[in-house]
Amino acid sequence: MNEPASETWENELDDLFLRVGHRFRRVEPRQRMRDYIRGLLGPVDRKNGWQLAEYVGHATPDGLQHLLAGPRWDADEIRDELQRYVAERLGEDDGVLIIDDTGFVKKGTTSAGVQRQYSGTAGRTENCQIGVFAAYASACGRALVDRELYLPKSWTEDRDRCRAARIPDDRDFHTKGSLAKAMVLRALASDLPIAWVTADSAYGQEGRFRRLLEQSGVGYVLAVPKSQFSVGCPRIDWLFTQAPSEAWERISCGDGAKGPRVYVWAAIQLSAVAEFDYQDETLIRRRWALARRSLSKPDEIAYYLAYAQLDTIVEQLVRIAGMRWAIEECFQAAKNECGLDQYEVRRYTGWMRHITLAMLAHAFLAAMAAAATSRGAAETVPAPWSTSPWQRSDGSWQLAVHTASLRHGARPALTR
């Protein structure tokens, strides 16, 4: 007989605490870490210090706030444990690493990295912090697995300001693309099984980013601007201007909240590059250019460069292109369910610690959803879960059933 869902929840959470607990050298911060994550997973609407403290039974938020600012523990070590956890719970051989950034709107000028800058999250220039993230996605689920805080030159060129925000002295200016490359290298060196990388055009247009993936032998499908040039490709949009009508075909790039996401796609094979595409004079990888046209707005065309094994078919490339939405799902779910953006810290260390613990809480929910799906399939339940337990509602992503209900065995609502 299967154990109750609430017991499964607690057992999995205890396993997670044991996994990361040894990274805290003293008992007190170790216990506060457990309380902090329990608070992030709790049903409180606003996960600020007072509400988290009240939920876990603390008289004041001082202890939880001290966890983010005081004790000696390394958020990068927790990130490494998170990656191992996600690899075990969600890892698949054809796993996809997704790179993107998100904004955190802030007031004032003292929060580390804050300035007026464009935020894709807000869709406009705002006074905000920008975090660059990596997510891992497979058929089992998806979760955020790495993060870096983008520090504009207005910060890195003012060392006194950096020291006041506890930014390490050796933290120099890095572009978002440079931060993304560092996260890709860490992910490839981790236990995460990664076959593909995808990202939007802010990252896909960087030749050094693509070269890194090619040198690592990883496939990619990267969005690029219409003016992008590549091998034998002065402008990618020019390649498709003369494409015959039969070159375009309707293909779904995956299921969304309202069913299959169908677009009209065209694909062109590009010339090979001897340095990266051959092994012992044998061609082993192929380059592609892809175009995606909207059914309702045919003038809206998105472009991609792809790099894949010889036996890869167009439908596979389209599927990987469609996986990029998973990181947006992760952002919204982690913000709505785990307080990713509801922090009250200004210093660099506090930001890294809160974000990492919120990612860990989100990964736990993803692992629980994957385990519940697996159990449901084994028990031959009348109707399966949807592909993803996260559903879009009122403009944001949320878990289809509240986390408190999950603890007591409720199943997510089905999508039709």
Side-chain angles (χ1 to χ4, degrees), residues 6 9-82 85 104-108 110-114 129 131 143-144 146-149 163-168 333-365 367-368 402-404 406-407:
S6 59
W9 174 284
E10 290 299 330
N11 288 342
E12 179 73 12
L13 196 53
D14 284 342
D15 178 76
L16 181 63
F17 291 152
L18 286 173
R19 180 184 294 267
V20 302
H22 70 283
R23 298 297 187 179
F24 297 82
R25 294 165 179 80
R26 294 174 54 241
V27 173
E28 187 176 33
R30 191 178 308 137
Q31 181 58 52
R32 286 174 176 168
M33 173 273 296
R34 296 167 68 101
D35 289 344
Y36 198 86
I37 291 179
R38 284 187 181 278
L40 294 176
L41 292 170
V44 294
D45 294 328
R46 178 70 182 171
K47 301 179 189 294
N48 59 30
W50 278 102
Q51 288 187 320
L52 291 182
E54 182 180 5
Y55 178 75
V56 298
H58 291 204
T60 71
D62 295 351
L64 298 182
Q65 291 173 349
H66 183 67
L67 173 71
L68 302 181
R72 294 183 59 186
W73 60 278
D74 190 341
D76 286 347
E77 291 181 350
I78 304 301
R79 177 211 52 215
D80 294 344
E81 296 290 351
L82 164 64
Y85 178 72
F104 303 88
V105 177
K106 292 292 170 185
K107 296 180 180 179
T110 58
S111 296
V114 71
Q129 296 167 300
L144 299 171
D146 206 347
R147 73 288 172 265
E148 288 287 356
L149 179 61
R163 292 187 187 99
R166 296 294 190 271
I167 296 171
K335 289 176 181 180
N336 290 343
E337 298 291 330
C338 304
L340 184 75
D341 60 342
Q342 297 176 25
Y343 50 86
E344 298 172 308
V345 295
R346 292 193 177 125
R347 294 174 174 175
Y348 177 86
T349 301
W351 188 92
M352 294 292 283
R353 290 179 171 184
H354 167 81
I355 294 294
T356 304
L357 294 179
M359 287 166 50
L360 192 63
H362 174 252
F364 169 78
L365 291 180
M368 288 299 297
H402 202 282
T403 54
L406 264 181
R407 295 175 191 171

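Small disclaimer: the values here were computed from a predicted structure and weren't measured.
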Student: Are any side-chain N or O atoms of Gln129 and backbone N or O atoms of Ala112, one a donor and one an acceptor, separated by less than 3.5 Å?
Tutor: yes
Student: Looking at every non-hydrogen atom in both residues, tell me the closest pair between Arg166 and Thr349 and how far apart they are.
Tutor: O-OG1, 4.0 Å
Student: Under the side-chain hydrogen bond (donor to acceptor under 3.5 Å, both in side chains) rule, collect the residues that match up with Asp35, sequence neighbours excluded.
Tutor: Gln31, His58
Student: Under the salt bridge (charged side-chain N to carboxylate O under 4.0 Å, His left out) definition, can you give me all pairs with a residue in residues 60-76, not counting sequence neighbours?
Tutor: Asp76-Arg79, Asp76-Arg147
Student: Centre of Phe104's six-membered ring, under 6.0 Å away, within 45 degrees of the axis: is that where NZ or CZ of Lys335 sits?
Tutor: yes
Student: Test of understanding: with salt bridge (charged side-chain N to carboxylate O under 4.0 Å, His left out), list the residues that count as partners of Glu54, not counting sequence neighbours.
Tutor: none
Student: Quick one: pull up CG in Leu357 and SG in Cys338 and give me the separation to the nearest 0.5 Å.
Tutor: 11.0 Å
Student: Who passes side-chain contact (heavy atoms from CB on, under 4.5 Å) against Pro29, sequence neighbours left out?
Tutor: Phe24, Arg26, Leu67, Pro71
Student: Distance check, rounded to the nearest 0.5 Å: Met368 atom CE versus Leu16 atom CG?
Tutor: 11.0 Å
Student: Leu144 and Ala334: which non-hydrogen atoms are nearest, and at how many Å?
Tutor: CD1-CB, 4.2 Å
Student: Under the side-chain contact (heavy atoms from CB on, under 4.5 Å) rule, collect the residues that match up with Glu148, sequence neighbours excluded.
Tutor: Arg171, Leu179, Met183, Arg186, Tyr348, Met352
Student: To the nearest 0.5 Å, tell me how far Arg38 CZ sits from Met33 CE.
Tutor: 10.5 Å
Student: State which residues pass ring pair (Phe, Tyr, Trp, His ring centres under 6.0 Å) with Phe364; sequence neighbours excluded, sorted by chain then number.
Tutor: Trp9
Student: Quick one: does Ile167's side chain get under 4.5 Å of Leu149's, heavy atoms only?
Tutor: no
Student: Could you tell me the separation between the CG atom of Leu360 and the CD1 atom of Ile355, rounded to the nearest 0.5 Å?
Tutor: 13.0 Å
Student: Who passes side-chain hydrogen bond (donor to acceptor under 3.5 Å, both in side chains) against Arg30, sequence neighbours left out?
Tutor: none
Student: Not counting sequence neighbours, which residues clear side-chain hydrogen bond (donor to acceptor under 3.5 Å, both in side chains) with Gln65? List them please.
Tutor: none
Student: Minimum heavy-atom separation for Ile37 to Ala361, with atom names?
Tutor: CG2-CB, 4.3 Å
Student: Considering residues at least two apart in sequence or located in another chain, which fulfil the side-chain contact (heavy atoms from CB on, under 4.5 Å) criterion with Arg23?
Tutor: Glu77, Ile78, Glu81, Arg84
Student: Kindly indicate whether the side chain of Trp50, heavy atoms from C-beta on, has any atom under 4.5 Å from the side chain of Thr60.
Tutor: yes
Student: So, using side-chain contact (heavy atoms from CB on, under 4.5 Å) as the criterion, who are the partners of Ala358 when residues are at least two apart?
Tutor: Leu40, Leu340, His354
Student: Cationic tip of Lys47 within the cone over Tyr36's six-membered ring, i.e. under 6.0 Å and within 45° of the normal?
Tutor: no
Student: Check salt bridge (charged side-chain N to carboxylate O under 4.0 Å, His left out) between Arg34 and all other residues, then give those that pass, not counting sequence neighbours.
Tutor: Asp14
Student: Mind checking side-chain hydrogen bond (donor to acceptor under 3.5 Å, both in side chains) for Arg19 and listing every partner two or more places apart, or none if nothing turns up?
Tutor: Glu88
